[in-house]
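Please read the structure below before turning to the comments.
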There are 2 protein chains.
Amino acid sequence: MSITFDLIRGHTDAIILSYLFEGDSYSYQINKDILNATDGQFELKEATLYTAFRRLEQGGMITSYWGNENVGARRRYYRITEDGREAYASYKREWEYSKKILDKLIK
Amino acid sequence: MSITFDLIRGHTDAIILSYLFEGDSYSYQINKDILNATDGQFELKEATLYTAFRRLEQGGMITSYWGNENVGARRRYYRITEDGREAYASYKREWEYSKKILDKLIK
DNA sequence: TTCCAATACTTCGGATGTCGAGGTATTGTG
DNA sequence: CACAATACCTCGACATCCGAAGTATTGGAA
């Protein structure tokens, strides 16, 4: 089954924050982690991720810094802030809540 | 808690079809049914509903007809088609599926 | 050694869905 | 007679998502 991506819309930030909650990471890595976690059935497109990173950084949810890899391509790492942790907790609650509502409505 | 409506995005059609599955209805009624089902915590805005009805009708998921009320304002009723029933079953599966995915990703 | 796949980042513009604001018409009630 | 409630509808703004395209680096295959 190929998922209609609009179903995930609005949850992008929550998904990203969920990964950053466990440690700094970078776009490509997060993308691969999502693919692994869902057995290759779901991924956030690169453009979507970058839009989200910009949005989250502007909102003070994350900060970013360049890694000093001396091998391979440079990486921009993202780190969750305290505000980001709070936002994540809130997103999580909202997900649980909207799940309940949709379970009521799609029966 | 006030729900971020973007979380519901993409599920509007499924919600509407879910109601029409149980019998013909009209916009205002469906709106009220949703409000009741969620204890007033969630509603689809009128403009959203009309956009969705147009979309569903153009897609052959529903048909519409004018009720012949001799009392009160005229009502446009919507009826689900066979294609609509199939689409609904599919939407329902997709919802179950995306629920699993999001539960994996928002942890 | 040359080419290509993979890693990694980024921008742009189009498509889509949602909804606030505004509008029309009818009926029943104070 | 005004007004709330029912019921319909349109427009335009806005946010998000993502396809497409582009840059740069490294390592391995041919």
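What you see below is based on every heavy atom in this structure, not just the backbone, and it leaves out hydrogens, waters and symmetry mates. Computed from a predicted structure; not experimentally measured. Throughout, a chain's letter reflects where its sequence line sits, starting with A, and its residues are numbered from 1.
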Mind calculating the distance between [atom1] ([X]) and [atom2] ([N]) to the nearest angstrom?
{"X": "B:Asp13", "N": "C:dT18", "atom1": "CG", "atom2": "C1'", "answer": "12 Å"}
{"X": "B:Leu49", "N": "D:dC9", "atom1": "CG", "atom2": "P", "answer": "11 Å"}
{"X": "A:Glu43", "N": "D:dC18", "atom1": "CD", "atom2": "P", "answer": "9 Å"}
{"X": "B:Leu44", "N": "C:dT18", "atom1": "CG", "atom2": "P", "answer": "8 Å"}
{"X": "B:Arg76", "N": "D:dC9", "atom1": "CZ", "atom2": "C1'", "answer": "10 Å"}
{"X": "A:Leu35", "N": "C:dA6", "atom1": "CG", "atom2": "P", "answer": "14 Å"}
{"X": "B:Gln29", "N": "D:dA7", "atom1": "CD", "atom2": "C1'", "answer": "12 Å"}
{"X": "B:Ile34", "N": "C:dT18", "atom1": "CD1", "atom2": "C1'", "answer": "14 Å"}

Does a side-chain N or O of A:Arg75 approach OP1 or OP2 of C:dA8 to a distance below 4.0 Å, or not?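 Affirmative; the distance criterion is met.
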Under 4.0 Å between a side-chain N or O of A:Tyr50 and OP1 or OP2 of C:dT11?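 No, outside the criterion.
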Tell me which nucleotide among [options] gets nearest to the side chain of [X].
{"X": "B:Arg9", "options": "D:dA7, D:dC18, C:dG17", "value": "C:dG17"}
{"X": "A:Trp66", "options": "C:dT10, C:dA8, D:dC8", "value": "C:dT10"}
{"X": "A:Lys45", "options": "D:dC18, D:dC9, C:dC19", "value": "D:dC18"}
{"X": "A:Tyr28", "options": "C:dA8, C:dG20, D:dC17", "value": "C:dA8"}
{"X": "A:Ala47", "options": "D:dA20, D:dA15, C:dT10", "value": "D:dA20"}

Are A:Ile62 and A:Leu17 close enough, and set up right, to give a side-chain contact (heavy atoms from CB on, under 4.5 Å), and what steps lead you there? CA-CA 8 Å; A:Ile62 59 173; A:Leu17 289 177; 3.9 Å; yes
For B:Arg76, side-chain hydrogen bond (donor to acceptor under 3.5 Å, both in side chains) partners two or more places apart: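 Applying side-chain hydrogen bond (donor to acceptor under 3.5 Å, both in side chains) to B:Arg76 gives B:Ser64.
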According to side-chain hydrogen bond (donor to acceptor under 3.5 Å, both in side chains), who are the partners of B:Glu86, at least two apart in sequence or on a separate chain?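 Scan of B:Glu86 (side-chain hydrogen bond (donor to acceptor under 3.5 Å, both in side chains), adjacent residues dropped) gives none.
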ring-ring contact (aromatic ring centres under 6.0 Å, His included) partner of A:Tyr77, the single match among A:Tyr26, A:Tyr28, A:Phe53, A:Trp66: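 Output: one option passes, namely A:Tyr26.
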I'd like to know if the side chain of B:Ser18 and the backbone of B:Ala14 have a donor-acceptor N/O pair within less than 3.5 Å.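 Flag not set: sc B:Ser18 to bb B:Ala14 has no pair under 3.5 Å.
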Would a distance-only check, ignoring hydrogens and angles, find a side-chain to backbone donor-acceptor pair under 3.5 Å from A:Thr38 to B:Ile101?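 Such a contact is absent between A:Thr38 side chain and B:Ile101 backbone.
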With a distance cut-off below 6.0 Å to the six-membered ring centre and an angular limit of 45° from the axis, does B:Lys107 pair with A:Tyr19 as a cation-pi contact?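 So B:Lys107 does make the cation-pi contact.
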Within residues 12-26 of chain B or reaching into it, pairs that qualify as salt bridge (Lys or Arg N to Asp or Glu O under 4.0 Å) - sequence neighbours excluded: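 Applying salt bridge (Lys or Arg N to Asp or Glu O under 4.0 Å) to every pair that reaches into residues 12-26 of chain B, excluding sequence neighbours, yields B:Asp13-B:Arg55, B:Asp24-B:Arg79.
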List the steps, then state whether side-chain contact (heavy atoms from CB on, under 4.5 Å) holds for A:Tyr78 with A:Ile30. CA-CA 10 Å; A:Tyr78 298 96; A:Ile30 289 175; 5.5 Å; no
Under the rule for salt bridge (Lys or Arg N to Asp or Glu O under 4.0 Å), what residues qualify as partners of A:Asp103, not counting sequence neighbours?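 Result, salt bridge (Lys or Arg N to Asp or Glu O under 4.0 Å) vs A:Asp103: B:Lys99.
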When only distance counts, do a donor and an acceptor, one from the side chain of B:Glu46 and one from the base of D:dC8, lie under 3.5 Å apart?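 Answer yes: a donor N or O sits under 3.5 Å from an acceptor.
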Between B:Tyr78 and A:Thr12, name the one whose nearest nucleotide on DNA chain D is closer to the 5' end.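 Its nearest nucleotide being more 5', the pick is B:Tyr78.
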Scan residues 17-24 of chain A against DNA chain C and write down, sorted by residue number, each residue with any heavy atom closer than 4.0 Å; if none is found, say none.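 Those residues whose heavy atoms fall under 4.0 Å from DNA chain C, taken from residues 17-24 of chain A, amount to none.
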Among residues 51-60 of chain A, which ones have heavy-atom contacts with DNA chain C below 4.0 Å?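 Those residues whose heavy atoms fall under 4.0 Å from DNA chain C, taken from residues 51-60 of chain A in numerical order, are A:Arg54.
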Reckon A:Ser27 touches a base, only the sugar-phosphate, or nothing at all at heavy-atom distances under 4.0 Å?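 The residue A:Ser27 makes sugar-phosphate contact but no base contact.
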